[in-house]
Amino acid sequence: MDTPLGTGAGHLLVGSARLQRVNPWGFPVMALVADGGTIALLGRIGWFRIYFGRGQRVDLADGVSWTVSSITTGGTIVPVIVDGERRRVAQAGWRHGTYGINGRDYACVLHPAEPPRFGRANRWQISDYEGELATVIRSPLSVTARRPVHLGAVLLSFALVRFGLPEESAPRMPSFRWGAR
């Protein structure tokens, strides 16, 4: 199968890909496709499913299976991608309006590429220390990778741009000091 997914290079994506619905009932519900080839088959996506449920099943074109789910760390809930042996492929976190996505051999930042009009921004960028890697579009979910980007970062960015993190909407108390004037 000829796809823009470089399996020998550690699941790197180059070019454009989009999510499309393939089945309303069973697995797979969606497919990540590029140039007519299927890169990955995905199960049902949902905020509750990823952050509090069993997670979203992902079957890659080369036969590898991943799960997009979450873990708790430091009192927060963060999304992760784990492989069949429960080893982390990628993990995301949030700080100062951007998301950090880390893997075994890469690190990148997901940030809005435009100010949001209502709710969340529609266009996001994945960047690393050398510059822009890819652009992610929220609706419809798609990615255009200018340079090779790890598929784990792309799948986590789909969940982040669509749902964000549970802690983002948590109420915060303003700082208060007794006797401050």
Side-chain angles (χ1 to χ4, degrees), residues 3-6 10-22 29-40 42-52 55-56 58 60 66 68-70 73-74 76-81 89-103 105-172 174:
T3 65
L5 178 63
H11 297 109
L12 298 177
L13 176 72
V14 179
S16 295
R18 70 185 188 301
L19 272 180
Q20 69 180 27
R21 184 171 295 277
V22 292
V29 175
M30 291 180 283
L32 183 62
V33 297
D35 299 329
T38 301
I39 297 171
L42 291 86
R44 194 165 308 281
I45 189 171
W47 182 84
F48 190 83
R49 179 179 299 273
I50 290 174
Y51 290 117
F52 298 107
Q56 178 187 24
V58 178
L60 302 180
W66 291 346
V68 181
S69 62
S70 65
T73 177
T76 62
I77 299 171
V78 295
V80 296
I81 295 179
V89 174
Q91 177 175 339
W94 176 65
R95 195 70 171 158
H96 303 295
T98 64
Y99 301 100
I101 301 174
N102 299 319
D105 56 352
Y106 68 92
C108 53
V109 176
L110 175 69
H111 54 89
E114 61 188 18
R117 292 186 182 161
F118 303 103
R120 303 182 63 72
N122 191 46
R123 201 166 59 92
W124 296 70
Q125 287 183 340
I126 301 174
S127 304
D128 66 359
Y129 62 92
E130 293 178 0
E132 183 183 341
L133 289 172
T135 300
V136 177
I137 304 296
R138 183 171 182 253
S139 181
L141 274 173
S142 61
V143 62
T144 302
R146 287 161 190 71
R147 295 191 353 237
V149 61
H150 195 274
L151 192 58
V154 170
L155 295 173
L156 273 184
S157 68
F158 283 170
L160 290 169
V161 301
R162 186 126 183 233
F163 306 118
L165 294 176
E167 74 178 75
E168 287 181 75
S169 60
R172 292 189 178 35

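The structure presented is a predicted model; accordingly, all values stated were derived computationally and were not measured. Keep in mind that the numbers below use all heavy atoms, side chains included, and drop hydrogens, waters and symmetry copies.
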Distance, nearest 0.5 Å, that separates [atom1] of [X] from [atom2] of [Y]:
{"X": "Leu60", "Y": "Leu151", "atom1": "CG", "atom2": "CG", "result": "5.5 Å"}
{"X": "Ile101", "Y": "Cys108", "atom1": "CD1", "atom2": "SG", "result": "4.5 Å"}
{"X": "Trp94", "Y": "Tyr99", "atom1": "CH2", "atom2": "OH", "result": "7.5 Å"}

Taking the side chain as every heavy atom from C-beta outward, state whether [X] and [Y] have any pair of such atoms under 4.5 Å apart.
{"X": "Ser139", "Y": "Asn122", "value": "yes"}
{"X": "Val136", "Y": "Phe158", "value": "yes"}
{"X": "Ile39", "Y": "Val33", "value": "no"}
{"X": "Leu32", "Y": "Thr38", "value": "no"}
{"X": "Leu19", "Y": "Ser142", "value": "no"}

For [X], give me all partners under side chain to side chain contact (heavy atoms under 4.5 Å, CB included), at least two apart in sequence or on another chain.
{"X": "Ala107", "result": "Asn102"}
{"X": "Ala159", "result": "Ile50"}
{"X": "Val29", "result": "Arg21, Arg44"}

Check [X] against [Y] and note the closest heavy-atom contact, atom names and distance.
{"X": "Leu42", "Y": "Ala40", "answer": "CD1-O, 3.7 Å"}
{"X": "Ile81", "Y": "Gly152", "answer": "CD1-O, 3.3 Å"}
{"X": "Leu156", "Y": "Pro79", "answer": "CD2-CB, 3.8 Å"}
{"X": "Arg138", "Y": "Ala121", "answer": "CD-O, 3.4 Å"}
{"X": "Leu165", "Y": "Gly93", "answer": "CD1-C, 4.3 Å"}
{"X": "Ile126", "Y": "Ala153", "answer": "CD1-O, 4.3 Å"}

Practice task
Test His11 against Trp66 for side-chain contact (heavy atoms from CB on, under 4.5 Å), laying out the working first.
Solution key: CA-CA 12 Å; His11 297 109; Trp66 291 346; 3.9 Å; yes
Please test Met30 against Arg18 for side-chain contact (heavy atoms from CB on, under 4.5 Å), starting from the C-alpha separation and ending with a verdict.
CA-CA 10 Å; Met30 291 180 283; Arg18 70 185 188 301; over 6 Å; no
The ring pair (Phe, Tyr, Trp, His ring centres under 6.0 Å) partners of Phe48 (sequence neighbours excluded) come to Phe52
Residues passing the side chain to side chain donor-acceptor pair (under 3.5 Å) test with Ser127, sequence neighbours excluded, are His111
Sidechain-backbone polar pair: Arg120 side chain, Leu160 backbone, donor-acceptor under 3.5 Å:
yes
Would you find a donor on one side and an acceptor on the other, under 3.5 Å apart, between the side chain of Gln56 and the backbone of Gly43? yes
| query | Taking the six-membered ring for Trp, are Tyr106 and His150 parallel (under 30°), tilted (30 to 60°) or perpendicular (over 60°)? | reply | parallel
In short, salt bridge (charged side-chain N to carboxylate O under 4.0 Å, His left out) pairs touching residues 140-154 with sequence neighbours left out are Asp128-Arg147, Glu130-Arg147, Glu132-Arg146
**Verdict with reasoning, Ile137 to Val143, per side-chain contact (heavy atoms from CB on, under 4.5 Å)** = CA-CA 6 Å; Ile137 304 296; Val143 62; over 6 Å; no
Go through the steps for Arg162 and Leu141 under the test side-chain contact (heavy atoms from CB on, under 4.5 Å), then give the verdict. CA-CA 8 Å; Arg162 186 126 183 233; Leu141 274 173; 3.9 Å; yes
